[in-house]
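Computed from heavy atoms alone, side chains included, the values below leave out hydrogens, waters and symmetry copies. Whatever order the structure lists ligands and atoms in, that order sets their numbers, starting from 1.
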Amino acid sequence: MSSVRDETFEVLRAHGLTTVFGNPGSNELHFLAGLPADFRYILGLHEGVVVGMADGYALATGRPAFVNLHAAAGTGNAMGALANAWASHSPLVISAGQQVRATIGVEPLLANTDAAQLPKPLVRFSAEPASASDVPRVMAQAVHAATSHPRGPVYVSIPYDDWAREATGESAHVALRTVSEAASPSAAQVAALVDRFSRAQNPVLVVGEDIDATGANDLAVALAERLRMPAWIAPSASRCPFPTRHPSFRGVLPASVRGISELLAGHDLVIVAGAPVFRYHQYEPGEYLPAGAELVHLTSDADEAARAPMGDALIGDVRAILDSVLATLSEADGRSMPDPRTIAPLAARATDGTSLDPAEVFDVLNECTPDDVIYVKESTSTTSVFWERIDISRPGSYFFPAAGGLGFGMPAAVGVQLAHPDRRVVAIIGDGSANYGITALWSAATYRTPVVFLVLKNGTYGALKSFAGVMGVPDAPGLDLDGIDFCALAEGYGVAARRARSRDELEAALAEALASDGPTLIEIPTSTTNPFE
Ligand code: TZD
Ligand code: CA
């Protein structure tokens, strides 16, 4: 007779969920003890790191990732990471241990009181099964909820005395069933889009993370070329859905209402594909759209469609919609391709040999990293200069925290590297951001994931200083963090470390790091840049 635990493993196996990202406690030991040989456990030393690694893994594979957290305290530690996973539609199947069923009511140590409520509203589904025998089915329900569009994290709390209980023996049905989707647009919807796109005199394309997530990057390029229009990445970009050296590419839109309408002035049609409309940040009110412009929004997320303040939305598989439109859309007559951007040569600056300009760091990366490098970035003040300079042309090559929650970068880099052992991951991390996920270094060392961690050390929360200027509040305390030795921290966690104060030192350190089969941290003293310039 099989146990609830055996049948739950069958469900996880059926969905390829044999990697467990976790941090254990007494409630989880019954589940983990004697983990089947076809499963592997990836330990993170803090739950934000556990979920960040799983997020990177899910984003890079395009498949669900399985997480095992410790009850309420562990789930609480993971909430910041869940905010990012929610915004990036990451299919994370999160399980959490719970105290023995009969004791939860009297709240013993490490009971998860009102467990299903705890992770809301950052999960698409949350439950504690009503009985032990229902655990395998609820786990399957969670997987299907996580992977159906718009996809996202889900949560299941399991009392630890459930695992050894006798199963119903009916879980085979649960493990074997599939749930698939058919979200192609109708012929009439495609014809309406084609008509609208063809009538536009001066259209512009805005593409978002779901273009990259569905591998529709080539279709976005084809659409831009067909209509000979400029292309922007939607604000607060968490992925790179458009090749940055394509003649149509203009950059990432600013994350403010006024900033966007000013930049898009003169366009009569804004075509947004695979992004919310829009993920704003700084509050700069104004007109949502420039005068005379209409907006068409293509999205797989019904909530995104519903909450947008302007435009006509079509909900469906964005890749399928673009494919159908391109099948009949004619070339734009009488328009030529936009001129490519010019990338300014490095501003001549007196280098005193003690720090590097972030622009120069990105130029070195363009030169020294392999063509299929994957960047994971969490350095907030360097966003504008990064998008100006970096050369990214392949899908799945860039990840940034989708909700802006710091602590994603270092762990996600480890998860992405685990997902793609054949590609190299370079993590570009601010000296502020590094501290939220620093224990990811231990996981990188332990599982020998050869991530190259670049810590850009400007000694401040640089972006916040710039924000303080924009907001007219210049004297906030707590914006400086001098005196952290990241090389010592890296070595403490078992990661090789170098310091690079000049272009030559950086090139040498990068070459050495890329030749190694283990992780390396390179600390780079950098000058401060303003993301609003
Ligand atoms: N805490 C969390 C979890 N997420 C946040 N986004 C913040 C705090 C606030 N915050 C930002 O939005 S940017 C930033 C903070 C603290 C500064 C990050 O500093 P850094 O990067 O050194 O990583 P820069 O390039 O110096 O800005
Ligand atoms: Ca900094």
Side-chain angles (χ1 to χ4, degrees), residues 46-52 55 76-88 122 235-238 252 254-256 279-283 354-362 365 375-390 399-413 426-441 453-471 473-474 476-486 489 499-500 521-533:
H46 179 280
E47 289 80 356
V49 170
V50 171
V51 172
D55 195 359
N77 279 351
M79 286 300 279
L82 267 185
N84 290 322
W86 171 263
S88 60
L122 298 176
S236 312
S238 65
V252 176
S256 84
R279 189 167 285 130
Y280 299 111
H281 184 183
Q282 62 271 27
Y283 181 66
T354 59
S355 74
L356 271 164
D357 185 332
E360 190 157 17
V361 174
F362 302 142
L365 290 178
Y375 294 115
V376 178
K377 185 164 177 292
E378 196 169 274
S379 148
T380 45
S381 65
T382 57
T383 303
S384 309
V385 65
F386 178 83
W387 285 111
E388 183 202 11
R389 308 197 82 81
I390 207 75
F399 301 100
F400 182 90
L406 304 180
F408 165 91
M410 298 187 86
V426 173
I428 304 162
I429 310 289
D431 54 350
S433 298
N435 298 291
Y436 300 83
I438 195 77
T439 64
L441 289 172
F453 297 96
L454 304 182
V455 175
L456 306 191
K457 183 169 165 177
N458 59 9
T460 77
Y461 289 146
L464 298 189
K465 285 228 171 119
S466 302
F467 256 105
V470 170
M471 292 170 157
V473 284
L479 301 186
D480 290 315
L481 56 145
D482 264 335
I484 303 174
D485 182 342
F486 289 96
L489 288 170
R499 201 165 273 121
L521 181 143
I522 306 175
E523 183 188 283
I524 312 170
T526 50
S527 51
T528 304
T529 46
N530 187 334
F532 299 106
E533 281 169 358

**Closest protein heavy atom (residue, atom, distance) for atom 6 (N) of ligand 1** = Gly404 O, 2.8 Å

**Message:** To check your reading of the model: name the closest protein heavy atom to atom 13 (S) of ligand 1, its residue, and the distance in Å.
**Reply:** Thr380 OG1, 3.5 Å

**Message:** Within the structure, is a non-hydrogen atom of Ser379 found at a distance of less than 4.0 Å from ligand 1?
**Reply:** yes

**Request:** Please examine the side chains of Ser527 and Pro358, heavy atoms only from C-beta on, and report whether any two atoms are closer than 4.5 Å.
**Result:** yes

**Message:** Whether Asp485 and Lys457 form a salt bridge (side-chain N of Lys/Arg under 4.0 Å from carboxylate O of Asp/Glu) is what I want to check.
**Reply:** no

**Item:** Side chain Asn77, main chain Gly48, donor-acceptor under 3.5 Å
**Value:** no

**Main-chain N/O of Ser381 paired to Lys465 side chain as donor or acceptor, under 3.5 Å** = no

**Asked** Within a strict 4.5 Å, meaning less than it, do heavy atoms of the Thr526 and Asn458 side chains meet?
**Response** yes

**Message:** Does only the side chain of Asn458 get under 4.0 Å from ligand 1, or the backbone, or both, or neither? Count heavy atoms.
**Reply:** side chain

**Fill in**
Taking only non-hydrogen atoms of Thr460 and a 4.0 Å limit, the atoms of ligand 1 in range are 22 (O), 26 (O)

**Prompt:** Quick one: does Gly405 get an N or O within less than 3.5 Å of an N or O on ligand 1?
**Reply:** no

**Prompt:** Numbering the atoms of ligand 1 from 1, which are under 4.0 Å from a heavy atom of Asp431?
**Reply:** 22 (O)

**Prompt:** Mind checking whether the Ca ion (ligand 2) has an N, O or S of Ser433 under 3.0 Å?
**Reply:** no

**Complete:** Check: of Ser381, Ala403, Ala81, min heavy-atom distance to atom 25 (O) of ligand 1 comes from Ser381

**Message:** I'd like to check the side chain to side chain contact (heavy atoms under 4.5 Å, CB included) partners of Val426; sequence neighbours left out, ordered by chain and number.
**Reply:** Leu365, Thr369, Val373, Tyr375, Ile428, Val452, Leu454

**Message:** Taking the side chain as everything from C-beta on, heavy atoms only, tell me whether Val361 gets closer than 4.5 Å to Ile524.
**Reply:** yes

**Complete:** Of all protein heavy atoms, the one nearest atom 26 (O) of ligand 1 is Gly462 N, 2.8 Å

**Item:** Least distance between heavy atoms, Gln282 atom then Ser256 atom
**Value:** O-CB, 3.4 Å

**Item:** Main-chain N/O of Gly405 paired with Asn84 side-chain donor or acceptor, under 3.5 Å
**Value:** yes

**Request:** Quick one: look up the protein heavy atom nearest atom 20 (P) of ligand 1 and list residue, atom name and how far away it is.
**Result:** Gly432 N, 3.5 Å

**Prompt:** Within the side chain of Ser88, is there an N or O that forms a donor-acceptor pair under 3.5 Å with the backbone of Ala402?
**Reply:** no

**Request:** Apply side-chain contact (heavy atoms from CB on, under 4.5 Å) to Phe408 and Val51, showing your working.
**Result:** CA-CA 9 Å; Phe408 165 91; Val51 172; over 6 Å; no

**Message:** Looking at the Ca ion (ligand 2), is there an N, O or S atom belonging to Ser379 that lies under 3.0 Å away from it?
**Reply:** no

**Fill in**
Restricting Asp431 to its N/O/S atoms, the closest one to the Ca ion (ligand 2) is OD1

**Item:** For atom 23 (O) of ligand 1, the protein heavy atom that lies nearest, with its residue and separation
**Value:** Ser433 OG, 2.6 Å

**Item:** Identity and distance of the protein heavy atom lying nearest atom 19 (O) of ligand 1
**Value:** Tyr461 CD2, 3.5 Å

**Request:** Could you tell me whether Leu464 approaches ligand 1 through its side chain, its backbone, both or neither, with non-hydrogen atoms closer than 4.0 Å?
**Result:** side chain

**Prompt:** What protein heavy atom is closest to atom 7 (C) of ligand 1, reported as residue, atom name and distance in Å?
**Reply:** Leu406 CD1, 3.9 Å

**Asked** Does one side chain, of Lys377 or Thr382, offer a donor that lies under 3.5 Å from an acceptor on the other?
**Response** yes

**Asked** Do any N/O atoms on Thr382 end up under 3.5 angstrom from N/O atoms on ligand 1?
**Response** no

**Prompt:** To which protein heavy atom is atom 8 (C) of ligand 1 closest, and what is the distance rounded to 0.1 Å?
**Reply:** Tyr436 OH, 3.6 Å

